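Model, not experiment: these values are computed from the prediction. The figures here come from the full heavy-atom set of this structure, side chains too, leaving out hydrogens, waters and symmetry mates.
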Amino acid sequence: MSILHDLAATIEARKNADPDSSWTAKLLAKGPEKCAEKFGEEAVEAIIEAVKDNKAALTAEAADVLYHLLVMLAARDVALDDVLAELERRQGTSGIAEKAARPEG
C-alpha cells in the first residue's frame, strides 16, 4: 500500500504548489467540484474498458481512477488513512449487513 500513501503525500504536498507547475495543483485550484467531476470521468472510462474486456487499458484507467480519487479526497481534506480505517472497520462484515446498517438503509 505504500505507493498509495506516497501518492497521497505527493498530492497533499502539491496543494500549495503553483498551478502552472503541477497538474495536481491545477486540479486542486479548480476546487472540489472539479476534482469530483474529473474522478467521475475517469471512473466512466474505467467502466468502458472493463466492458470492452481490455485488460491493459483497464489497468491504465484504474490507475487514473485511484489518482483522481486521492485528488478528490485531498480537495475535501479526507485522509487516505481515514478511508483505509473505514475499510478495516468493515472487514469481516457482510456487505449486505453493512449496507443495511447504514442510516440511509
Side-chain angles (χ1 to χ4, degrees):
M1 279 291 210
S2 68
I3 188 66
L4 287 178
H5 281 104
D6 291 349
L7 182 56
T10 298
I11 290 167
E12 192 64 31
R14 299 273 163 61
K15 277 186 168 181
N16 298 316
D18 178 0
D20 291 332
S21 69
S22 163
W23 171 250
T24 300
K26 186 176 288 202
L27 278 174
L28 290 167
K30 292 180 180 181
E33 296 81 4
K34 184 63 177 179
C35 294
E37 179 185 324
K38 190 63 179 160
F39 169 73
E41 290 171 10
E42 297 299 337
V44 168
E45 290 173 10
I47 291 165
I48 290 168
E49 296 307 334
V51 169
K52 289 166 49 176
D53 195 22
N54 185 336
K55 187 174 181 178
L58 176 56
T59 300
E61 293 300 339
D64 289 347
V65 167
L66 290 173
Y67 164 77
H68 284 90
L69 172 61
L70 293 175
V71 171
M72 181 178 66
L73 293 173
R76 287 294 187 196
D77 295 318
V78 175
L80 173 61
D81 283 339
D82 292 342
V83 175
L84 296 175
E86 177 62 15
L87 286 172
E88 187 173 5
R89 184 190 68 76
R90 294 179 185 186
Q91 191 172 8
T93 303
S94 158
I96 293 170
E98 190 280 327
K99 186 168 180 162
R102 292 183 196 171
E104 68 276 0

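Each of Ile47 and Tyr67 belongs to its own hydrophobic cluster when Ile, Leu, Val, Met, Phe, Trp and Tyr are linked at side-chain heavy-atom distances under 4.5 angstrom. Hydrophobic clustering (ILVMFWY, side-chain heavy atoms < 4.5 Å, transitive): Leu80 and Leu87 are in one cluster.
Separation of atoms OG (Ser22) and CG (Asn16) is listed at 11.0 Å; rounding is to 0.5 Å. The distance from the CG atom of Leu66 to the CG atom of Leu7 is 8.5 Å, given to the nearest 0.5 Å.
In this structure Glu42 satisfies the side-chain contact (heavy atoms from CB on, under 4.5 Å) test together with Lys38, Glu45, Glu61, Asp64, Val65, His68, sequence neighbours excluded. With sequence neighbours left out, the side-chain hydrogen bond (donor to acceptor under 3.5 Å, both in side chains) criterion links Asp81 to His5. Ile48 meets the side-chain contact (heavy atoms from CB on, under 4.5 Å) test with Val44, Lys52; sequence neighbours excluded. Applying the side-chain contact (heavy atoms from CB on, under 4.5 Å) criterion to Leu73, with sequence neighbours excluded, gives Leu69, Leu70, Val78, Val83. By the salt bridge (Lys or Arg N to Asp or Glu O under 4.0 Å) test, Asp77 is found to be paired with Lys15, residues two or more places apart in sequence or in another chain being considered.
Taking the side chain as every heavy atom from C-beta outward, Thr24 and Thr10 never approach each other to under 4.5 Å.
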Could you give the side-chain donor-acceptor pairs of residues 26-36 under 3.5 Å, partners two or more places apart or in another chain?
residue : atom : partner : partner atom : Å
Lys34   : NZ   : Glu37   : OE2          : 3.3

